[in-house]
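Each chain gets a letter, A, B and so on, in the order its sequence line appears, and its residues count up from 1. Just so it is clear, the values below take in all heavy atoms, side chains as well, and ignore hydrogens, waters and symmetry mates.
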Amino acid sequence: MSVLECKDLCKNYGHAPALDQVSLAVEPGHIVGLLGPNGSGKTTLIKLANGLLTPTSGEILVCGMRPGKETHACVSYLPERTAIPTWMSTAQLLDFYGDFYADFRRDAAEEMLAHLNIQPRQRIKQMSKGTREKVQLIMVMSRAAKLYLLDEPIGGVDPATRDYILSTIIGNYNPEAAVVISTHLISDVEKVLDEVIFINQGRVVLQSSVDQIREEKGMSVDELFREVFKC
Amino acid sequence: MKWQFSNDAPIYTQLIQQIKVGIVSGGFPPGERLPSVRDLATEAGVNPNTMQRALMELERDGLVYSQRTAGRFVTEDKAMIETAKRGLAERHIKTFLAAMTNLGFQREEIVSLLRQESGEEETAHVGSGM
């Protein structure tokens, strides 16, 4: 069964269509890049999958269910902006996640935090932007979810932090779960992806595997993207 | 091991090449157990399914073999490793010859230039006299 499935999904903001007849499926075991220019509908799609928005028409299913209480339990979401409570210490944040999510693997989170030398007593607000991003990603990836929705996980951080974030995503790979990464920093993520979905002006323009694109076009996904979305 | 990828070829074929180089150069010695798919993927910074695909292809070629519970191992067949080495060398030579031909060199000139470079490296750079 697909972890995420959209059928003729439409979302309008007032009269402006943000998503237009989107149909796609994401299978377990895949790491999928949701790639598109700014304003193409990436975040809207992720918010719909997460139940933060409701469709105007069409259908979106997560693990076969409409987004709601049951799907919140199996979706781990990394929002575009840092959303962890900054007044908390790392230890409090671990408790908080443990209370909220039955699938939270505290041991895994503690191990990753220790690896970064982040002390349990350290407060989120005392951390740099890069460290906050890392901590938030650790929390999100420490859940044994079925679907990880990562909205711009590598935007606005330095290259070393990017590498750390990507290797954390690979290191937590689970063949029964799917990861959807929205980004426009394609050259950085392309090697980590199985599959890419190109989205433009609310429409899916391409869904293909990374190696299929490289094999058939003789170019990287990044180069193809630049060609398709040339301004 | 250092992993590097170009833009013009599939990632799994590049992984195959680089693991082959690792085996041929002794980075992964004959008979040695390979790291797990996840560890290799993390090290190379690639998708685990792509790494899996590369290892399966190497398995099909016989350069690595898997034991159901113990993991994947490099072949102990030295002759097979030698053949892989030749294969990699031929690819380098073909690329080199194509580049030299493109520069306008004839076969004999290329050979003599190679002799000069490998035999008299200490005499610094000799002009190619084009």
Side-chain angles (χ1 to χ4, degrees), chain A residues 26-33 108 111-112 115 141 148 154 159-181 185-196 208-227, chain B residues 1-22 27-28 33-61 63-64 66-72 87 91-92 94-95 98-99 102:
Chain A
V26 174
E27 303 303 322
H30 285 200
I31 304 177
V32 178
E111 197 186 313
M112 286 189 267
H115 186 75
M141 296 312 293
Y148 299 87
I154 55 168
T161 304
R162 265 177 218 179
D163 285 349
Y164 175 81
I165 287 173
L166 294 174
S167 77
T168 303
I169 294 169
I170 301 169
N172 285 286
Y173 173 79
N174 171 3
E176 277 149 37
V179 183
V180 174
I181 304 175
L185 297 166
I186 301 170
S187 61
D188 289 300
V189 297
E190 137 161 39
K191 292 186 314 236
V192 175
L193 307 173
D194 293 277
E195 234 177 271
V196 291
S208 176
S209 93
V210 169
D211 272 349
Q212 201 179 334
I213 289 171
R214 286 169 165 256
E215 205 143 27
E216 285 170 6
K217 314 258 180 196
M219 61 169 95
S220 65
V221 175
D222 185 55
E223 288 166 325
L224 180 65
F225 184 91
R226 285 166 200 265
E227 208 176 277
Chain B
M1 204 164 146
K2 204 165 175 247
W3 304 84
Q4 268 175 339
F5 302 91
S6 68
N7 283 339
D8 51 2
I11 292 157
Y12 84 95
T13 55
Q14 299 187 55
L15 287 172
I16 292 172
Q17 288 305 312
Q18 291 180 51
I19 297 168
K20 268 189 190 167
V21 170
F28 299 126
R33 186 168 179 271
L34 287 171
S36 69
V37 174
R38 186 195 299 249
D39 287 349
L40 276 174
T42 309
E43 196 193 299
V46 300
N47 185 285
N49 295 313
T50 313
M51 182 57 83
Q52 172 77 8
R53 184 175 177 195
L55 290 168
M56 302 249 286
E57 298 264 335
L58 285 164
E59 218 172 279
R60 202 166 306 148
D61 292 348
L63 270 178
V64 307
S66 62
Q67 267 178 351
R68 223 175 295 159
T69 51
R72 275 201 181 77
R91 275 176 65 120
H92 281 302
K94 273 197 187 122
T95 315
N102 193 33

Open item on the list: For A:E215, which atoms come within 4.5 Å of any heavy atom of chain B: side chain, backbone, both, or neither?
Closed with: both

Open item on the list: Distance check, rounded to the nearest 0.5 Å: B:N7 atom CG versus A:L224 atom CG?
Closed with: 11.5 Å

Open item on the list: So which residue, A:S187, A:G29, A:G218, A:S167, ends up with the most heavy-atom pairs under 4.5 Å with chain B?
Closed with: A:G218

Task: Enclosure of B:M56 CE (heavy-atom neighbours >12, cutoff 6.0 Å) - done: no

Task: Side chain, backbone, both or neither of A:V221 within contact of chain B (heavy atoms, under 4.5 Å) - done: neither

Task: Atom group of B:Q14 that falls short of 4.5 Å from chain A, counting heavy atoms - done: side chain

- [ ] Write down the atom of B:G45, the atom of A:V192, and the distance for their closest heavy-atom approach.
- [x] O-CG2, 3.8 Å

TODO: Under 4.5 Å heavy-atom distance to chain A, tell me which part of B:F5 shows up: side chain, backbone, both or neither.
DONE: side chain

Task: A:E111, CD atom: more than 12 neighbouring heavy atoms under 6.0 Å - done: no

- [ ] With a 4.5 angstrom heavy-atom cut-off, could you sort out which part of B:S6 is near chain A: side chain, backbone, both or neither?
- [x] backbone

- [ ] Identify which part of A:D188 has an atom lying under 4.5 Å from any heavy atom of chain B, answering side chain, backbone, both or neither.
- [x] neither

- [ ] Give a yes or no answer on whether the side chain of B:R38 reaches the backbone of A:Y173 with a donor-acceptor pair at less than 3.5 Å.
- [x] yes

Open item on the list: Test your reading of the model: is there a side-chain donor-acceptor pair from A:D194 to the backbone of B:N47, 3.5 Å cut-off?
Closed with: no

TODO: Measure B:A9 against the heavy atoms of chain A and call it side chain, backbone, both or neither at under 4.5 Å.
DONE: backbone

Task: chain B contact via A:L193 - side chain, backbone, both or neither, heavy atoms under 4.5 Å - done: backbone

Open item on the list: I'd like to know if the side chain of A:D211 reaches the main chain of B:P10, judged simply by a donor and an acceptor atom lying under 3.5 Å from each other, with no hydrogens or angles considered.
Closed with: no

Open item on the list: Only pairs of heavy atoms separated by less than 4.5 Å count here; which of B:T42, B:T50, B:N49 has the most with chain A?
Closed with: B:N49

